[in-house]
**Q** 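Before I ask anything, let me first share the structure, which is written out below as structure tokens.
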Amino acid sequence: MSKEITTRAADYSQWYNDLVIKGGLADYSAVRGCMVIKPYGFALWENMRDQLDKMFKETGHVNAYFPLFVPKSLFEAEEKNAEGFAKECAVVTHYRLKNDPDNKGKLMVDPEAKLEEELVVRPTSEAIIWSTYKDWIQSYRDLPLLINQWANVVRWEMRTRLFLRTTEFLWQEGHTAHATQQEAVEETIKMLNVYADFVEEYMALPVIKGVKTASERFAGAEDTYCIEALMQDGKALQAGTSHFLGQNFAKAFDVQFLNKENKQEYVWATSWGVSTRLIGALIMAHSDDQGLILPPRIAPVQVVIVPIYKGEDSKAPIHEKVNAIMKELKEAGIRVLYDDSDASRPGWKFAEHELKGVPIRLAIGLRDMENNVVELARRDTKEKKTISMDGLTHYIVQLLAEIQQNIYNKALAFRTENTREANSWEEFLRMLDETPGFISAHWDGTEETEEKIKEASKATIRCIPLDNVVAEGVCIFSGKPSKQRVLFARAY
RNA sequence: CGGGAUGUAGCGUAGCCCGGUUAUCGCGCCUGGUUUGGGACCAGGAGGUCGCAAGUUCGAAUCUUGCCAUCCCGACCA
């Protein structure tokens, strides 16, 4: 049929694209590098967003919204940050179009409408936010300032991929200001933990918490913490970052506060973000050759009910029964969809909802009603069984939790199997090609070696895990002494 | 941004090399009917600026040039 998807073994990239497009999550758009997020994909994002938003608020944060445009002079104030993003910035230079006198019916940029100062379309909002914080912060009593914003940003990437890297993407960015270094560092770690908890508990995706090396650090940060996840093709994906910004932005934007001793001090800052990229991680971590597999806790539809008719007469009683089941499921807080469309037959619906990753499917026909049972199929294991209608809601509530856990366990087992220790350069290279995944290996701690390893192997240091044990060894590349193993992988 | 490939109805495609009536087929879509426990069947029907724009030509889906978009591989990156 037209909805067949490429298998992972045949072409992993194409498999991923097929799931995104045919699973109804997103579509290509008329704009290079930008995608349309379709209702089903956006519902998924909304579920993720709502949960994260709740967790941010539980940790004392509030939402605000800052402008899309950043005056160039503000943008360049924090030098390292500006430099880091400079080559991927979209820039607004004019504010008006006019009719093209040489080309009827066409428009042209009006050369008379050139902006005095160019506006950078935000690749991130530190600059505009810190220029604002300057006015908001005077005393230690104004601190901490704990603000998050849900926004779109633009980064002009060379090569784009649906959800994983698009020119425009949706994200949240938290920007906090603190009176002490310690408090800011604690905030950085706290939000890293919020991300890890969210990704593990809601997206059923195990992550490694770690700190980035200097070369992988966010431009303008003192330290960048991250959560790293492993995809089914053995490539790593950075799922979220939390930055300790020190006083870099406070100094660049002159944000000082009066402390209890009546002395001026620069504030300490953090920023942290996750994006729609998480959806890409979700797809690549869990799904199979039949389609998406979505964890129940964030799936737009948790249970789909497909009626099995036997002639017109059976429709009414089935509808009646299904409505009763739906009412109960909804009361239990379950997102349920009744697919009673006459346009397609049951078999087609089964395949369609499997492609879309709906965790549980119920099929109900007259035969089932006579026996007071329902056919239940779970997406994660493809297991199908007949269960009693009595206590159905309770059963489903428990099963959803079990599916959530099972998906997590599977991903965790995969990551465990595909995390290896390499003790020599040859072994390291062989692993990357033959059994791709995380590779734990000794590194001498220098940027030069890191760069050489990257050049020679295409693998990067994903992070120095936070729970790393200190263990002496020798660097796999340079042979120099090393204090600990770090986590390498080829990455998205 | 470099290399490679692609673009014909919502999707998948034939035709293009070698220009010539009304652009092929399947799926999907619409109408009616029969159906419905793993991607139904019959009958009828609608749907196309052949990616866009110039050019060559009596005539362009087909030849030329430019542009746009997508995919794959690099460099860059969340």
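Chain identifiers are assigned alphabetically (A, B, ...) following the order of the sequence lines, protein sequences preceding nucleic acid strands; residue numbering begins at 1 within each chain. Hydrogens, waters and symmetry mates are skipped; everything else that's a heavy atom, side chains included, is used.
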**Q** Need the pair for U31(B). Rule: Watson-Crick or G-U wobble, both distances under 3.5 Å, any strand; none if unpaired.
**A**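 For U31(B), the partner nucleotide comes out as A43(B), under the 3.5 Å rule.
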
**Q** Taking OP1 and OP2 of C72(B), is either one under 4.0 Å from a side-chain nitrogen or oxygen of Ser13(A)?
**A**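 For Ser13(A), the contact criterion (side-chain N or O under 4.0 Å from OP1 or OP2 of C72(B)) is met.
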
**Q** Could you tabulate the donor-acceptor pairs under 3.5 Å formed by side-chain atoms of residues 282-292 of chain A, not counting sequence neighbours?
**A**
unit_1: His286(A); atom_1: NE2; unit_2: Met203(A); atom_2: O; d: 2.8
unit_1: His286(A); atom_1: NE2; unit_2: Ala204(A); atom_2: O; d: 3.3
unit_1: Ser287(A); atom_1: OG; unit_2: Ile283(A); atom_2: O; d: 3.0
unit_1: Ser287(A); atom_1: OG; unit_2: Ile293(A); atom_2: N; d: 3.2
unit_1: Asp288(A); atom_1: OD1; unit_2: Gln290(A); atom_2: N; d: 2.8
unit_1: Asp288(A); atom_1: OD1; unit_2: Gly291(A); atom_2: N; d: 3.2
unit_1: Asp288(A); atom_1: OD1; unit_2: Arg379(A); atom_2: NH2; d: 2.7
unit_1: Asp288(A); atom_1: OD2; unit_2: Arg379(A); atom_2: NH1; d: 3.1
unit_1: Asp288(A); atom_1: OD2; unit_2: Lys382(A); atom_2: NZ; d: 3.4
unit_1: Asp289(A); atom_1: OD1; unit_2: Arg8(A); atom_2: N; d: 3.0
unit_1: Asp289(A); atom_1: OD1; unit_2: Arg8(A); atom_2: NE; d: 2.8
unit_1: Gln290(A); atom_1: OE1; unit_2: Lys382(A); atom_2: NZ; d: 3.2

**Q** Provide, to the nearest angstrom, the distance between the CD1 atom belonging to Ile5(A) and the P atom belonging to C11(B).
**A**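 Roughly 18 Å, once rounded to whole Å.
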
**Q** Counting only side-chain heavy atoms from C-beta out, which of U70(B), G37(B), U36(B) sits nearest to Ala363(A)?
**A**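 Selected nucleotide (nearest to the side chain): G37(B).
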
**Q** Can a side chain N or O of Tyr28(A) be found less than 4.0 Å away from OP1 or OP2 on C71(B)?
**A**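 Indeed, a polar side-chain atom of Tyr28(A) lies that close.
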
**Q** Taking Lys315(A) first and then Glu312(A), would you say they form a salt bridge - that is, a charged N and a carboxylate O separated by under 4.0 Å?
**A**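 Salt bridge: yes.
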
**Q** Once you apply the 3.5 Å cut-off to both distances, tell me the Watson-Crick or G-U wobble partner of U6(B), or none.
**A**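 Across any shown strand, U6(B) pairs with A69(B).
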
**Q** Using the rule side chain to side chain donor-acceptor pair (under 3.5 Å), only one of Asp53(A), Asn148(A), Asn63(A) pairs with Gln172(A); which is it?
**A**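 The residue from Asp53(A), Asn148(A), Asn63(A) that satisfies side chain to side chain donor-acceptor pair (under 3.5 Å) with Gln172(A) turns out to be Asn148(A).
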
**Q** Run the salt-bridge test on Glu375(A) and Lys385(A) with the 4.0 Å N-O cut-off and return the result as yes or no.
**A**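 No.
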
**Q** Please state whether the phosphate of C71(B), meaning OP1 or OP2, lies under 4.0 angstrom from any side-chain nitrogen or oxygen of Arg161(A).
**A**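 Answer is no, no contact under 4.0 Å.
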
**Q** Looking at A75(B), I'd like to know if its phosphate oxygens (OP1 or OP2) sit under 4.0 Å from a side-chain N or O belonging to Lys458(A).
**A**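 For A75(B), OP1/OP2 do have a side-chain N/O of Lys458(A) under 4.0 Å.
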
**Q** Return the nucleotide paired to C18(B): Watson-Crick means purine N1 to pyrimidine N3 with N6-O4 or O6-N4, wobble means G-U with N1-O2 and O6-N3, both under 3.5 Å.
**A**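 Pairing partner: none.
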
**Q** Suppose we call a contact any N or O donor and acceptor under 3.5 Å apart; does that hold for the side chain of Arg159(A) and the base of G2(B)?
**A**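 It does not, because no donor-acceptor pair links the side chain of Arg159(A) to the base of G2(B) below 3.5 Å.
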
**Q** Does a nitrogen or oxygen in the side chain of Arg32(A) sit under 4.0 Å from OP1 or OP2 of A69(B)?
**A**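 It does, given that an N or O in the side chain of Arg32(A) lies less than 4.0 Å from OP1 or OP2 of A69(B).
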
**Q** How long is the line joining CD of Glu451(A) and C1' of C76(B), in whole Å?
**A**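 To the nearest whole Å, that distance equals 12 Å.
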
**Q** How many Å lie between CG on Leu362(A) and C1' on G37(B), as a whole number?
**A**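 Those two atoms, CG and C1', are 14 Å apart.
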
**Q** Just the rounded figure in Å: distance from C1' of C73(B) to NZ of Lys235(A).
**A**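 After rounding, the reported distance stands at 11 Å.
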
**Q** According to the Watson-Crick and G-U wobble definitions, with both distances under 3.5 Å, which nucleotide is paired to A60(B)?
**A**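 In the structure as shown, A60(B) has no Watson-Crick or wobble partner.
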
**Q** Is there a Watson-Crick or G-U wobble partner for U49(B) with both distances under 3.5 Å, and if so, which one is it?
**A**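 Base partner found: none.
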
**Q** Give one of base, sugar-phosphate or nothing for Leu237(A), where a contact means two heavy atoms less than 4.0 Å apart.
**A**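 Answer is nothing: Leu237(A) stays at 4.0 Å or more from every strand.
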
**Q** Work out how far the C1' atom of C18(B) is from that of C52(B), and round it to whole angstrom.
**A**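 After rounding to an integer number of Å, I get 27 Å for this pair.
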
**Q** Would you kindly say whether Tyr338(A) and His319(A) are connected by a side-chain donor-acceptor distance under 3.5 Å?
**A**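 The criterion, which ignores hydrogens and geometry beyond distance, is satisfied for His319(A) and Tyr338(A).
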
